[in-house]
**Student:** 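Structure provided below as structure tokens; questions to follow.
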2 protein chains.
Amino acid sequence: MSLLNPKKEQEREALCATLLKEKGLSVTAPRKLILGLLLKEHGPFSAEEIQKKLPKNSCDQATIYRCLNQFVETQLVNTSFLEKDMAHFEYNDPHHHHHHIICKICKKIESFHECLMEKIETNLLRKGYKDIQHRLEFFAVCETCAKG
Amino acid sequence: MSLLNPKKEQEREALCATLLKEKGLSVTAPRKLILGLLLKEHGPFSAEEIQKKLPKNSCDQATIYRCLNQFVETQLVNTSFLEKDMAHFEYNDPHHHHHHIICKICKKIESFHECLMEKIETNLLRKGYKDIQHRLEFFAVCETCAKG
DNA sequence: GTATTTTTGCAAATTACTTGCAAAAACATT
DNA sequence: AATGTTTTTGCAAGTAATTTGCAAAAATAC
């Protein structure tokens with residue numbers, strides 16, 4: 001069931017419901033809308049961008065944040081802090097592991113699939129990027145907490 | 001004034017001044033204190049932690065943020081968003097490139113020097129970490145902005 | 001269909017971080 | 001070393017993303 005981008009609205013709706021249930025989340029209108037959007041468009045998007053993309057007044061912003069946090073906790077969605085005071089969110093498709101590059105000036109975000117840093121940097125240089133920096137961070141449960 | 005290592009203390013002060021001048025920043029008391037701390041202790045630290053570590057009332061928090069931002073702009077310091085609503089700062093020692101792992105529960109932060117992801121993950125698993133995720137992000141100036 | 005649990009919307013609160021401004025410190029020049 | 005200019009600082013108030021308390025509404029369980 002690895003439909004990255006089901007073409008039909010209906011398929012996406014069904015996938016949303018399945019994914020939510022798999023994670024033990026009840027299937028509500030806002031959750032379907034938000035997750036549906038993230039399945040349909042690639043992002044990463046800020047909470048504000050997500051709200052603007054949804055039908056007007058279909059979701060309160062508090063609801064959007066609550067849903068996104070649940071999606072992150074259940075690993076349906078990944079967060080990144082490409083801009084320093086705003087999180088971005090993106091559907092976590094395990095078959096399309098990738099990373100981002102953001103322009104320090106115009107903030108344009110692009111994705112790439114390479115995963116060895118020297119190769120990545122070489123490719124980015126070839127594409128014309130200058131002044132490249134990267135940040136790699138791991139998140140896990142430490143041994144102490146895993147036992148407790 | 002460290003009683004333990006006056007020689008090193010002096011060296012650090014001199015290094016601070018040199019680093020600041022190299023980056024075109026004037027040498028002020030707050031900048032010496034903050035950069036000095038980051039040279040002495042490894043971090044990464046939040047702005048609040050930095051303030052607490054400095055002599056009481058030696059720096060306003062606005063000054064701390066302003067200095068840290070200048071240090072980041074001049075690449076004297078690196079930022080990370082290990083916790084979602086708070087930046088952490090660390091001296092950017094080009095000879096000690098490394099990354100971090102934060103426990104999802106207790107928030108303890110550790111550093112490591114490996115830089116190939118499979119190797120890193122294997123090592124972390126060996127150390128007892130579970131449920132490992134990572135985030136790798138690049139920051140650069142894109143071709144368009146480099147021309148403009 | 002009804003009861004119970006969960007989620008939502010709204011408005012207010014929180015908090016990391018930023019900013020305007022006057023005083024103080026740093027720097028350049030003599 | 002004193003002077004004038006520029007930069008930086010401290011303070012207090014402001015900003016903006018995100019969170020939270022609570023009552024009403026929707027989802028799930030029975």
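Atoms considered below: every heavy atom in the structure, side chains included; atoms not considered: hydrogens, waters and symmetry mates. Since the structure is predicted, the reported quantities are computational estimates derived from the model, not experimental observations. Each chain gets a letter, A, B and so on, in the order the sequences are listed, and its residues count up from 1.
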**Student:** When you check the side-chain N and O atoms of B:Thr63 and B:Arg31, is any donor under 3.5 Å from an acceptor?
**Tutor:**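 Not at all, the side chains of B:Thr63 and B:Arg31 share no donor-acceptor pair under 3.5 Å.
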**Student:** Which pairs with one or both residues in residues 43-65 of chain B pass salt bridge (Lys or Arg N to Asp or Glu O under 4.0 Å), sequence neighbours excluded?
**Tutor:** B:Glu41-B:Lys53, B:Glu48-B:Lys52
**Student:** Test side-chain contact (heavy atoms from CB on, under 4.5 Å) on B:His100 and B:Glu110; report intermediate values, then the result.
**Tutor:** CA-CA 6 Å; B:His100 303 118; B:Glu110 293 190 343; over 6 Å; no
**Student:** Of all nucleotides in DNA chain D with an atom under 4.0 Å from a non-hydrogen atom of chain A, which is the first and which the last going 5' to 3'?
**Tutor:**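 Extent of the interface on DNA chain D: D:dA17 to D:dT28.
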**Student:** For nucleotides 26-30 of chain C, which of its nitrogen or oxygen atoms have a protein nitrogen or oxygen under 3.5 Å away, and what is each distance?
**Tutor:**
{"from": "C:dC27", "atom 1": "OP1", "to": "B:Val27", "atom 2": "N", "distance (Å)": "2.8"}

**Student:** Check for a donor-acceptor pair, side chain of A:Asn92 on one end and backbone N or O of A:Asn78 on the other, with a separation under 3.5 Å.
**Tutor:** no
**Student:** Does A:Ile132 belong to the same Ile/Leu/Val/Met/Phe/Trp/Tyr cluster as A:Ile109, with side-chain heavy atoms less than 4.5 Å apart forming each link?
**Tutor:** no
**Student:** Given 3.5 Å as the limit, does a donor-acceptor pair link the side chain of A:Ser58 with the main chain of A:Leu54, or not?
**Tutor:** no
**Student:** How far does the helix from C:dG1-D:dC30 to C:dT30-D:dA1 bend, going by the axes of its first and last five pairs, to the nearest 10°?
**Tutor:**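 So the angle between the two local helix axes works out to 50°.
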**Student:** Do A:Glu137 and B:His88 meet the criterion of a side-chain donor-acceptor pair at a distance under 3.5 Å?
**Tutor:** no
**Student:** Could you list all the ring-ring contact (aromatic ring centres under 6.0 Å, His included) pairs where at least one residue sits in residues 119-139 of chain A, not counting sequence neighbours?
**Tutor:** A:His134-B:His97, A:His134-B:His99, A:His134-B:Phe138, A:Phe138-B:Phe112, A:Phe138-B:His134
**Student:** Strictly by modelled atom types, are B:Arg126 and B:Asn123 linked by a side-chain donor-acceptor pair under 3.5 Å?
**Tutor:** yes
**Student:** Please tabulate, one pair per line, each protein N/O and nucleotide N/O from nucleotides 17-19 of chain C that are separated by under 3.5 Å, including the distance.
**Tutor:**
{"from": "C:dC17", "atom 1": "OP1", "to": "B:Ala87", "atom 2": "N", "distance (Å)": "2.9"}
{"from": "C:dC17", "atom 1": "OP2", "to": "B:Tyr65", "atom 2": "OH", "distance (Å)": "2.8"}
{"from": "C:dT18", "atom 1": "OP1", "to": "A:Lys84", "atom 2": "NZ", "distance (Å)": "3.0"}
{"from": "C:dT18", "atom 1": "OP2", "to": "B:Asn69", "atom 2": "ND2", "distance (Å)": "3.0"}

**Student:** Given side-chain hydrogen bond (donor to acceptor under 3.5 Å, both in side chains), test A:Gln133 with A:Lys104 step by step and report yes or no.
**Tutor:** CA-CA 10 Å; A:Gln133 290 178 279; A:Lys104 290 174 182 179; 2.8 Å; yes
**Student:** Distance only, no hydrogens: is a donor on one side chain within 3.5 Å (strictly under) of an acceptor on the other, for A:Gln51 and A:Asn57?
**Tutor:** no
**Student:** Is it the case that atom NZ in B:Lys107 sees more than 12 heavy atoms from other parts of the structure closer than 6.0 Å?
**Tutor:** yes
